[in-house]
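The figures that follow rest on heavy atoms only: side chains count, while hydrogens, waters and symmetry mates do not. Keep in mind that this is a model prediction, so the values were computed, not measured.
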Amino acid sequence: MGKELRERTGLGMMECKKALEEAGGDMKKAEELLRIKSGAKASKAASRVAAEGAIGAYVSPDARIGAMVEVNCETDFVAKNPDFAGFAKALAQLVAKDDPRDLAALGALPLDGETVEARRTKLVQKIGENIAVRRFERIQTDAKLELYVHPPGKIGGMVDYEGSPGVARDVAMHVAFAKPRYLSKDEVSAGASASERKILEARARESGKPPEIAAKMVEGGINKFLAEITLLGQPFVKDDKQTVEKVLKAQNTRLRGYRVLVVGEGIEKKKDDFAAEVASMKRSAA
């Protein structure tokens with residue numbers, strides 16, 4: 001009975017045994033008790049920061065539809081859990097197949113006989129950590145896709161390309177490594193360039209250089225800024241003597257777009273002050 005209850009709820013054997021004892025051997029009542037208790041457990045976990053996790057990724061066999069999903073948890077240990085990793089991968093396949101419009105739509109999709117949200121809640125109950133589906137990226141193309149997820153699954157890069165699969169995979173790896181903000185200079189907003197130019201002009205004035213040299217310093221700084229934030233302008237990760245754009249041209253390959261996801265990006269992680277905690281314990285003991 002304990003094994004059957006565990007299979008139904010996904011909870012630990014000891015929890016199932018206690019529930020059966022409390023319910024006097026009534027399987028239905030024991031399951032209700034577990035769902036009540038584990039639901040409270042899931043609610044409590046939801047208030048905790050989940051900044052670790054993994055990127056679930058998938059590309060269709062014809063390499064025309066691809067997706068990446070960021071799923072967060074509280075600890076790196078859980079991020080390596082096979083159930084957690086399987087959940088993230090299954091979500092990527094769902095996003096690629098069903099093209100949900102947002103996270104709410106993804107949560108309502110069916111997965112193994114229940115909704116994604118129900119599966120997520122059950123995973124929280126089983127593992128005991130807050131688990132959150134944070135965001136996803138999807139590309140559908142009439143060209144080809146290449147995908148690279150950097151071990152151990154914290155960063156994912158996907159590129160939409162025409163040309164060489166080999167160089168495209170290398171560029172997907174570069175995307176995961178360099179995390180560019182834009183594809184090319186044309187995509188950089190006028191506001192971003194103007195803001196950087198203003199800073200560079202102020203530095204040039206403070207340098208005391210003649211106006212003509214100061215102007216060259218500003219233009220050189222702008223070019224460097226644009227190269228650093230654009231994929232095509234960045235030094236290639238496998239050969240920093242060449243830009244990504246030059247590497248692609250040499251292989252007669254055109255990049256149409258890209259996506260990158262980084263686990264925990266922008267999430268403020270809790271920092272434990274061990275020294276303060278020890279001092280507090282000393283004060284309490286005194």
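Contact check on Glu114 versus Arg120 returns no salt bridge, with no Lys/Arg side-chain nitrogen under 4.0 Å from an Asp/Glu carboxylate oxygen. Ion pairing between a basic and an acidic side chain is recognised when a charged N comes within 4.0 Å of a carboxylate O; Lys144 and Glu162 show no such pairing. The pair Glu219-Arg197 meets the salt-bridge criterion, since a charged nitrogen lies less than 4.0 angstrom from a carboxylate oxygen. Ionic pairing of Arg138 and Asp98 is not present here: no N-O contact between side-chain nitrogen and carboxylate oxygen is shorter than 4.0 angstrom. Between Arg119 and Asp83 no salt bridge is recorded (no basic side-chain N to carboxylate O distance below 4.0 Å).
In this model, a donor atom of one side chain and an acceptor atom of the other lie less than 3.5 Å apart for Glu129 and Thr75.
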Can I get a per-line list of side-chain donor-acceptor pairs under 3.5 Å for residues 200-207, giving both atom names and the distance, sequence neighbours left out?
residue, atom, partner, partner atom, Å
Ser207, OG, Ala204, O, 2.5
Ser207, OG, Lys209, N, 3.3

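For residues 175-188, the set of pairs meeting the side chain to side chain donor-acceptor pair (under 3.5 Å) definition, not counting sequence neighbours, is empty.
Each of Val69, Leu261, Ile155, Val262 was evaluated against Ile55; a single residue qualifies, Leu261, per the side-chain contact (heavy atoms from CB on, under 4.5 Å) test.
Members clustered with Met173: Tyr148, by chain and number, using a 4.5 Å side-chain heavy-atom cutoff among hydrophobic residues. The other residues sharing a hydrophobic cluster with Met217 are Ile213, where clustering joins ILVMFWY side chains under 4.5 Å apart.
You'll find the side chain of Thr230 reaches within 4.5 Å of the side chain of Val188, heavy atoms only. Under the 4.5 Å side-chain criterion, counting only non-hydrogen atoms from C-beta, Phe177 is not in contact with Val175.
Residues satisfying the side-chain hydrogen bond (donor to acceptor under 3.5 Å, both in side chains) criterion with Glu21, sequence neighbours excluded, are absent altogether. Gln242 meets the side-chain hydrogen bond (donor to acceptor under 3.5 Å, both in side chains) test with Asp239; sequence neighbours excluded.
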